[in-house]
Amino acid sequence: MELIINGKKGNYPDGQNALDILAGLDGDIKKNALAAKLNGEVIELAAPIHEDGELTFITFEDDDARHVLRHTASHVLAAAVKKLYPNAKLAIGPAIDTGFYYDFDVEEPFTPEALDAIEKEMKRIIKKNEREVRFTLPRDEAIALMEEHGEPYKVELIRDLPEDEEISFYKQGDDFVDLCAGPHLPSTGRIKAFKLLSIAGAYWRGSEKNKMLQRIYGTAFTNKEDLDEYLAMIEEAKKRDHRKLGRELDLFDVLDEGPGFPFFYPKGMVLRNVLEDYWRKVHVQAGYQEVKTPMILSRELWEKSGHWENYRENMYTTRIDDQDFAIKPMNCPGGMLAFKRRMWSYRDLPVRMGELGLVHRHEKSGTLHGLMRVRCFTQDDAHLFMTPEQIKEEIIGVFNLTDQVYKVFGLGYKVELSTRPEKSIGTDEMWELATEGLRGALDEIGVPYQVNEGDGAFYGPKIDFHLRDSLGRTWQCGTIQLDMNLPERFDLSYIGPDGEKHRPVMIHRVVYGSIDRFIAVLVEHFAGAFPLWLAPVQAKILTITDRADDAARSLKQKLTAAGLRVETDLRNEKIGFKVREAQMLKIPYMLVLGDQEAENGTVSLRTRSGKTINGLMQDEVMEGLVAENDSQALEGHWN
RNA sequence: GCCAAUAUAGCUCAGUUGGUAGAGCAGCGGUUUCGUAAACCGCAGGUCAAGGGUUCGAGUCCCUUUAUUGGCUCCA
């Protein structure tokens with residue numbers, strides 16, 4: 001069989017596989033060969049076979065190869081749905097990080113039972129090992145074909161493609177044809193392991209104004225072991241869900257009585273306070289002052305800031321003495337007033353004013369999610385006022401502070417830059433200057449970042465820090481927003497070296513983001529097994545019999561005096577039972593006291609990881625605990 | 001807000017085709033004084049999310065509302 005690789009003709013003898021072909025190619029062509037290594041095994045990927053037998057080869061990294069596998073699986077899903085529901089209209093079906101999905105317009109939503117039937121049909125198609133064949137058509141013929149197939153969504157997609165482009169399709173087996181840029185696996189039999197996971201509603205083209213379609217999610221792997229491992233991983237991840245651990249570890253909860261309004265219990269408050277104490281410490285070091293502004297402020301203020309106009313629907317309001325007031329959804333207007341209280345000299349700048357501010361927002365019911373998305377939360381806010389010359393340095397300062405804080409917790413993060421949205425206030429010049437300020441700072445720091453066009457705040461562009469939860473979903477935590485609009489609206493000024501009034505530039509920023517959300521991230525990150533300095537209970541003293549009670553009480557007193565958070569368990573229970581309970585509460589250290597220890601002033605120390613060290617002197621343990629606590633270590637001293 | 005699923009004791013869950021609610025753990029009361037992940041016995045605990053309907057009879061079927069979960073949209 002003759003083939004053409006990047007315009008060069010070559011041979012693809014029968015019986016030769018992609019690996020052989022790859023080995024025979026030189027660098028440039030090899031880069032474009034259609035084969036990939038997946039788990040070390042080279043697999044052949046779908047050759048876009050033209051009717052004249054011409055082949056084009058493209059290479060992929062492992063991730064891309066998995067992508068192709070999943071993309072092909074989504075088309076098998078579409079074929080199965082079309083078989084079982086001939087009236088279903090096809091929308092889109094891409095591969096995603098964790099698998100794939102396909103959107104359908106069907107008369108009746110899919111039921112969980114339908115999912116099983118679809119899965120069965122997919123297995124049948126895979127077993128038949130149907131060939132995936134690519135072909136292209138000119139635009140109008142492509143539209144005609146999809147109209148003939150009764151696929152209005154596909155027609156709409158083609159109409160949005162560039163006019164002069166050939167449209168590519170894949171034919172799978174005898175009768176299933178789908179619009180697709182490809183590539184695909186050469187045949188359906190290559191899908192060795194897949195599973196449909198869930199059904200969800202999703203708007204056509206992601207717009208609330210459009211029809212809601214039915215989306216089926218699934219995942220696929222090259223072998224069953226990988227699939228099983230993935231499914232087991234999901235189950236494992238569910239165990240570290242902060243909503244579950246929050247209840248189990250008695251930290252916090254969200255009750256039906258207050259949807260989106262979380263309760264923090266004593267142990268949760270310890271964690272919260274540790275985070276706040278640490279926050280205050282690093283912010284004082286970074287030259288911040290702290291303020292507290294009111295929770296309820298007048299409607300006029302929110303009109304001036306623009307929030308009344310832009311976020312009225314999401315604000316809780318109240319009336320006092322026949323006047324409209326709003327419960328603050330943000331701290332910035334209050335921050336403006338706190339800055340405006342006096343006259344500032346350029347010598348005073350930058351002014352950095354922090355505030356742990358409790359804000360309330362009416363989030364839509366369907367968006368609430370444990371502590372990650374709530375209706376009231378504390379922002380570790382700060383507003384920085386500066387001259388235009390200080391912008392870059394201040395942004396870099398905030399970035400480094402955020403990086404420093406995340407590192408202490410061992411958290412990795414993703415950086416995104418969001419630019420001017422459609423709904424915005426301020427002049428083009430301001431947006432240009434602000435956006436370039438952020439971009440310039442990121443480039444100077446040299447951190448990789450993703451640009452989200454049009455995703456900025458209505459008053460300015462922003463840099464966001466995203467953290468992952470246990471299931472890999474990302475949540476925005478830190479943010480740095482350059483705001484050149486509010487200083488204008490609030491007529492802020494400082495006196496420059498020339499003795500004239502000048503407009504300061506403002507940065508609005510958070511590091512944790514929401515303390516509540518950050519706690520959720522931390523719980524999932526550590527699976528509830530916090531490092532010593534964060535642990536609500538750092539050590540539990542367990543007695544073997546009540547003969548050690550006095551020794552336990554005095555040890556607790558000593559450790560508490562040294563600034564440690566210690567509890568005793570003097571119950572009349574067996575030591576195994578006490579250990580089990582402390583273990584389930586993920587307490588870092590258990591200090592076991594029996595007759596022997598009570599007599600010679602030692603403890604038997606047991607770590608959370610199950611390691612036991614007998615006969616440690618109590619003073620030695622105390623010193624070790626204090627040192628570990630002060631160092632904010634992620635790893636335990638005795639591990 | 002939208003699509004779907006779910007809601008039974010503090011927690012995790014059983015409850016057959018409609019016949020009037022059950023287990024384990026936790027809790028409480030006893031007994032047990034015991035060396036590193038569960039001692040034994042007993043007791044108590046529920047307007048089956050709320051409201052309405054069908055039925056002789058509803059935890060089971062239907063409707064509405066609320067909340068939760070997974071997505072979508074949104075997220076200053």
Side-chain angles (χ1 to χ4, degrees), chain A residues 101 103 108-112 114-115 197-217 238 241 243-244 247-248 250 253-260 302 305-307 309-311 313-315 328-333 359 361-370 372-374 379 421 423-425 455-460 462 464 471 473 475-476 479 481 483 486 508 513-514 517 542-549 571-584 590-597 604-608 610-614:
Chain A
Y101 68 79
D103 286 348
E108 292 291 319
F110 296 116
T111 61
L115 215 55
L197 298 171
S198 60
I199 311 160
Y203 299 106
W204 165 237
R205 299 205 138 179
S207 170
E208 210 176 0
K209 294 188 184 82
N210 292 337
K211 184 164 185 185
M212 179 160 275
L213 308 175
Q214 292 298 309
R215 174 173 298 179
I216 296 179
Y217 281 95
K238 282 180 186 162
D241 189 312
R243 294 164 295 191
K244 185 174 157 68
R247 246 193 312 273
E248 285 174 5
D250 209 19
D253 204 358
V254 187
L255 307 178
D256 284 0
E257 288 82 349
W302 300 107
S305 70
H307 289 97
E309 187 196 334
N310 284 287
Y311 293 102
E313 296 303 307
N314 297 311
M315 287 164 69
K328 70 176 176 186
M330 285 205 86
N331 303 300
C332 16
V359 298
R361 298 177 182 179
H362 182 92
E363 302 290 1
K364 288 189 215 162
S365 56
T367 64
L368 302 177
H369 183 102
M372 295 285 190
R373 189 78 181 267
V374 287
Q379 289 181 311
K423 201 166 104 177
S424 65
I425 54 179
D455 258 0
F458 73 88
Y459 52 71
K462 57 179 185 162
D464 291 331
L471 284 172
R473 295 175 287 212
W475 298 88
Q476 183 198 306
T479 178
Q481 307 179 351
D483 187 334
L486 280 186
H508 173 112
S514 137
R517 175 179 288 184
L542 312 180
T543 51
I544 290 173
T545 71
D546 56 13
R547 293 189 296 279
D549 283 5
R571 291 175 305 170
N572 177 12
E573 294 288 353
K574 291 170 94 167
I575 190 65
F577 182 78
K578 294 184 182 183
V579 165
R580 179 182 148 83
E581 284 202 348
Q583 192 80 50
M584 290 197 302
M590 287 165 241
L591 309 176
V592 178
L593 294 182
D595 290 338
Q596 217 186 322
E597 289 80 5
S604 168
L605 179 141
R606 184 188 158 109
T607 68
R608 185 163 52 193
K611 189 168 158 188
T612 303
I613 306 171
N614 289 316

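Since the structure is predicted, the reported quantities are computational estimates derived from the model, not experimental observations.
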What nucleic acid atoms does H369(A) come within less than 4.0 Å of, heavy atoms only: base, sugar-phosphate, or nothing?
sugar-phosphate

Between G27(B), C74(B), G71(B), which nucleotide has the shortest distance from any of its atoms to the side chain of Y217(A)?
G71(B)

Scan N310(A) against the nucleic acid and name what it touches under 4.0 Å (heavy atoms): base, sugar-phosphate only, or nothing.
nothing

D455(A) near the nucleic acid: base, sugar-phosphate alone, or nothing, with a heavy-atom cut-off under 4.0 Å?
nothing

Could you work out the separation of A58(B) and U20(B) based on their C1' atoms and round it to a whole Å?
9 Å

Does a side-chain N or O of R547(A) approach OP1 or OP2 of C34(B) to a distance below 4.0 Å, or not?
yes

Using only modelled atom types and a 3.5 angstrom limit, is any donor from either the side chain of Y203(A) or the base of G71(B) paired with an acceptor on the other?
no

Length of the CE-C1' vector between M212(A) and G71(B), whole Å
8 Å

Please report the distance, rounded to the nearest Å, between CD in Q583(A) and C1' in C25(B).
18 Å

P gap between G24(B) and A9(B), integer Å
16 Å

Touch class at under 4.0 angstrom, heavy-atom based, for F458(A) against every strand present:
nothing

Nucleotide U31(B), atom P - distance to CG of D546(A) in whole Å
14 Å

If you look at every strand shown and take non-hydrogen atoms under 4.0 Å, does P329(A) touch a base, only sugar-phosphate, or nothing?
base

Classify the nucleic acid contact of R361(A) as base, sugar-phosphate or nothing, counting any heavy atom under 4.0 Å across all strands shown.
base

Tell me whether the side-chain N or O atoms of E597(A) pair up with the base of G35(B) as donor and acceptor below 3.5 Å, since no angle test is needed here.
yes

Using a heavy-atom cut-off of under 4.0 Å over every strand shown, decide if K211(A) touches base, sugar-phosphate, or nothing.
nothing

Residues D464(A) and Q476(A): closest non-hydrogen pair is OD2-OE1, 3.4 Å

Give a yes/no on whether any side-chain N or O of T545(A) is located under 4.0 angstrom from OP1 or OP2 of C34(B).
no

Rounded P spacing from C2(B) to G46(B) in Å:
36 Å

Look at all strands and tell whether R373(A) reaches a base, only sugar-phosphate, or nothing, counting heavy atoms closer than 4.0 Å.
base

Search all heavy atoms of K244(A) against all heavy atoms of K238(A) and return the closest pair with its distance.
CD-O, 3.8 Å

Regarding E248(A), tell me which of base, sugar-phosphate or nothing describes its non-hydrogen contacts under 4.0 Å with the strands shown.
nothing

Within the structure shown, what part of the strands sits under 4.0 Å from R606(A) by heavy-atom distance: base, sugar-phosphate, or nothing?
base

Sugar-phosphate, base or nothing in reach of R473(A), heavy atoms under 4.0 Å:
sugar-phosphate

Mark this stacking check for Y459(A) against A76(B) as yes or no, applying ring centres under 5.5 Å and ring planes under 30°.
no

Mind checking the P distance from C48(B) to U8(B)? Whole angstroms is fine.
12 Å

Can you give me the closest heavy-atom contact between R373(A) and T367(A), atom names plus distance?
CG-O, 3.2 Å

Where E573(A) and K578(A) come nearest, the two heavy atoms and their spacing
O-CE, 3.6 Å

Contact class for I575(A) vs. all strands (heavy atom < 4.0 Å): base, sugar-phosphate, or nothing?
sugar-phosphate

How many whole angstroms separate atom CH2 of W204(A) from atom P of C2(B)?
23 Å

Counting the atoms with a prime plus P, OP1 and OP2 as sugar-phosphate, which does A202(A) contact under 4.0 Å by heavy atoms, base, sugar-phosphate, or nothing?
sugar-phosphate

Would you indicate what G206(A) reaches in the nucleic acid, counting non-hydrogen atoms under 4.0 angstrom: base, sugar-phosphate, or nothing?
sugar-phosphate

Kindly determine whether Y311(A) and H362(A) satisfy ring-ring contact (aromatic ring centres under 6.0 Å, His included), including the steps that lead there.
CA-CA 10 Å; Y311(A) 293 102; H362(A) 182 92; over 10 Å; no

